[in-house]
Structures are given as C-alpha cells and as structure tokens.
Amino acid sequence: MASITEEVGEVTGVREVAVDLAASTVTVYGTDLDDHLVRAAIVEAGHDVSGPVPA
C-alpha cells in the first residue's frame with residue numbers, strides 16, 4: 001500500500017503534502033489542484049476521505 005504523501009505527490013500541480021494521521025488531516029500545497037484527483041489519490045493510498053475542502 002502506497003503512502004498518502006507518495007500518491008498525492010504524483011497529482012499534477014502538487015508542490016508539498018503534509019500528513020497528520022493522528023489528526024486525520026492531509027494538507028496539500030500547489031497550483032491548479034484538482035480536488036477530485038487529490039481525493040482519489042488518498043483513496044488509492046488506502047484511506048477514506050471526508051469533510052470539507054477549505055478554500
């Protein structure tokens with residue numbers, strides 16, 4: 001199973017990924033990010049995705 005950082009890092013436009021498993025959060029930095037692709041990458045890494053996407 002790939003890590004969240006690895007999977008999300010492959011999404012176009014991603015510059016940095018910060019994962020806090022204890023808080024169940026993933027923060028993604030980059031430009032022109034596609035929310036659907038980022039969420040799909042997290043699921044591909046074996047984790048559930050829920051909650052709002054902060055602007």
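Owing to the predicted nature of the structure, the values given are computational and were not obtained by experimental measurement. For the numbers below, each heavy atom of this structure counts, side chains included, while hydrogens, waters and symmetry mates do not.
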Is there side-chain contact between Asp34 and Thr12, with at least one heavy-atom pair below 4.5 Å? no
Nearest non-hydrogen partners of Ala41 and Glu7, listed with the distance: O-CB, 3.4 Å
Once you round to the nearest 0.5 Å, how far does OG1 of Thr5 lie from CD of Glu16? 10.0 Å
CZ of Arg39 to NE2 of His47: how many Å apart, nearest 0.5 Å? 15.0 Å
Cluster overlap Val49 with Val14, hydrophobic side-chain contacts below 4.5 Å: yes
Should Tyr29 and Val8 be counted in the same cluster of Ile, Leu, Val, Met, Phe, Trp and Tyr side chains packed under 4.5 Å apart? no
With Val28 as reference, evaluate Ile42, Val11, Asp35, Val38 under the side chain to side chain contact (heavy atoms under 4.5 Å, CB included) test and give the passing residue. Val38
How about CG on Asp20, more than 12 heavy atoms from neighbouring residues, nucleotides or ligands closer than 6.0 Å, or not? yes
Could you walk me through whether Val17 and Thr27 pass the side chain to side chain contact (heavy atoms under 4.5 Å, CB included) check? CA-CA 6 Å; Val17 180; Thr27 305; over 6 Å; no
